[in-house]
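Every number for a ligand or one of its atoms is a count from 1 in the order of the listing. Throughout, numbering of the chain's residues begins at 1 and tracks the sequence.
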Amino acid sequence: MRVKLLDLVPQYQAIEEEVRAAIEEVASTQMFILGPGVEKFEREIAGYCGTKFAVGVASGSDALLLALMACGVGEGDEVVTTPYTFFSTVSSITRLGARPLFADIDPVTYNIDCESVERLVGERTKAIMPVHLFGQAADMDPIIEVAKQRGIPVIEDACQSIGGVYKGRKAGALGTAGCFSFFPSKNLGGFGDGGMVTTDDEAFAARLRSLRMHGSRERYYHDEVGLNSRLDALQAAVLGVKLKHLDGWNDGRRQNAHRYTKSFEALEGVIPPVEADGCTSVFNQYVIRAKKRDELMQFLREREIGCEIYYPVPLHLQECFKYLGGGEGDCPEAERAARETLALPVYPELTREHLDFVVETVGEFMGTETEKR
Ligand SMILES: *Cc1c(COP(=O)(O)O)cnc(C)c1O
C-alpha cells in the first residue's frame, strides 16, 4: 500500500462539478482582478473567522508582508517571532529592513514560548508575530497582554490554521491582524497561490487595500509605494466553493489525528502531538516527536509512506540570516524539534486502511529499535 503525505485528487473528485461551474462563471465575465467575486469571498472569510474585514492578497507570504507594512514596520525596527516556522514568517520582517528577534518554542505545542517573548520585547519592538503552527493556535492571551502593555500590534501567522480555535475564538481573529495562505497544501487551498489578511480595524483594512494595489486608494494617485498583490478572482471562485467544505475536512483531519494519537500513546519512542487546553487544532500537519527520527523517516519512505520534516533548519540558523548573528544554542527547543520531529499523512480522505498501515509501520520500526537495545 502507498500512502502519500498529501493527495489532493480525491478532494477534487468530490467537488469537481461545483468547482468547474465556479471557474466557468468567472471565465464568462472575463473579470479577473478583484471585483464582486473577490469581495464576496472576503466577506465569507471575515464571517468565518469572526472579524469585521478581510483583504484578499496574492499569497500567505504577501499577507504577512502587507500586514507588517500596514503596521508601519520598517528599517531599524524589531519584530519578535519564532524560528520554528515556514521561511516567509521571517523573510516578511527582514524584507522591510526590520530585525527578527527569535523567541524559543514550547516543547509540547511547538508554538512560540510566551516567557521568551516577554523577555525579548524592548524599546524598538514594533510588533509580535506568533505563528499558529501545524493547525494549533499559539497561547495568545499572554502575548496579547505584553503587546497591550507596550502598545504594539500582534500579527498572527495563521497560514496553517484556518478554522483553528483558541478559547472560543478563531485563529486570525485574536490579534491586530490574521494572515492566511491558500497555498494548495493548506487546509483551505486554491489552484495556485493566494492569501488573506483579516482584521477588525477599519483603517488598517483600508491601508491593506491600498498597499495591495501599489499604494493607491484612487487609481493612478499613489500615497505610498505598495505591492501588486491581489487575490485572483479565479482563486476566490475556487476557494469559495471549498470554504463550504472546510469544517468537514477539518473534522476529518482531527479524526485521523485522534486515531493516530490513540495508537501512538501506547508506543514507546513516539510522542504524539498535544492539543493545549482551550485549543482546537485543525492539524494542517500531524507531527510526532520520534526516537531515531531520520532512520524512521527512511523506514517509512522505503515502505511508500509519505513523511516530511517541518522544519529541518530553524530560521535563526539559516544561511541567509547569518548576518543577524544568531547561532546554535540560541533557541534550544526549536533546534531540538528540528532534529526530532516528523510529519505523517493526515489529510481527510485517508482511509482506515491507510491509517492502520501507517500506525503498523511506525510500530514495526519502534519494535525493531527496541529489540536492538
Ligand atoms: C504556507 C505558510 C506561509 C506562506 O504562505 P504562501 O501562501 O506559501 O506564501 C507562511 N507562514 C506559514 C506558517 C505557512 O505555513
Side-chain angles (χ1 to χ4, degrees), residues 5-6 8 41 45 54-69 79-96 100 102-103 105 109-112 127-138 140 154-164 166 171-172 174-175 177-198 208 212 227-232 234-236 238-239 242 250 253 273 281-287 308-316 318 321 334 337-338 341 343 346-347:
L5 182 60
L6 173 65
L8 289 167
F41 181 61
I45 289 291
V55 179
V57 299
S59 69
S61 301
D62 277 5
L64 295 163
L65 182 66
L66 287 160
L68 288 177
M69 288 170 82
V79 177
V80 175
T81 191
T82 162
Y84 192 58
T85 176
F86 180 65
F87 177 72
S88 63
T89 310
V90 173
S91 64
S92 67
I93 299 167
T94 58
R95 223 171 240 291
L96 296 171
F102 292 111
I105 59 165
T109 62
Y110 307 110
N111 275 322
I112 197 164
I128 306 175
M129 192 182 258
V131 179
H132 306 318
L133 199 67
F134 304 146
Q136 165 157 260
M140 290 294 284
V154 177
I155 306 298
E156 299 167 66
D157 181 339
C159 288
Q160 297 183 5
S161 298
I162 191 157
Y166 176 81
L174 305 161
C179 301
F180 292 97
S181 164
F182 305 123
F183 186 81
S185 69
K186 309 293 169 155
N187 290 28
L188 181 61
F191 284 9
D193 283 306
M196 188 78 75
V197 185
T198 50
L208 285 168
R212 75 174 170 181
L227 271 63
N228 171 2
S229 181
R230 294 159 303 221
L231 181 67
D232 282 331
L234 278 168
Q235 296 300 344
V238 172
L239 291 162
K242 285 195 168 194
N250 282 347
R253 285 173 179 272
S281 174
V282 290
F283 289 99
N284 178 246
Q285 300 295 347
Y286 183 88
V287 175
E308 193 62 76
I309 300 167
Y310 298 112
Y311 295 89
V313 182
L315 296 178
H316 65 291
Q318 292 283 351
F321 296 137
T341 59
V346 73
Y347 64 91

Can we call the ring centroids of Phe321 and Phe87 under 6.0 Å apart?
yes

Would the distance check show the side chain of Ser229 and the main-chain N or O of Val57 forming a donor-acceptor pair, the cut-off being under 3.5 Å?
no

Assess the residue pair Ser161 and Tyr166 against the criterion (side chain to side chain donor-acceptor pair (under 3.5 Å)); give the C-alpha distance rounded to whole Å, side-chain angles, the decisive distance to 0.1 Å, and a yes or no.
CA-CA 11 Å; Ser161 298; Tyr166 176 81; over 6 Å; no

Check whether any side-chain N or O of Thr81 sits under 3.5 Å from a backbone N or O of Met129 as a donor-acceptor pair, and report yes or no.
yes

Test side-chain contact (heavy atoms from CB on, under 4.5 Å) applied to Ser181 - qualifying residues, sequence neighbours left out
Cys159, Phe183, Lys186

Ligand 1 N/O to protein N/O, distances under 3.5 Å:
residue  : atom   : partner : partner atom : Å
ligand 1 : 5 (O)  : Ser181  : OG           : 3.3
ligand 1 : 7 (O)  : Gly60   : N            : 2.7
ligand 1 : 7 (O)  : Ser181  : OG           : 2.6
ligand 1 : 9 (O)  : Gly60   : N            : 3.4
ligand 1 : 9 (O)  : Ser61   : N            : 2.8
ligand 1 : 9 (O)  : Ser61   : OG           : 2.5
ligand 1 : 11 (N) : Asp157  : OD1          : 3.3
ligand 1 : 11 (N) : Asp157  : OD2          : 2.8
ligand 1 : 15 (O) : Gln160  : NE2          : 2.8
ligand 1 : 15 (O) : Lys186  : NZ           : 2.5

side-chain contact (heavy atoms from CB on, under 4.5 Å) evaluation trace for Val197 with Arg212:
CA-CA 11 Å; Val197 185; Arg212 75 174 170 181; over 6 Å; no

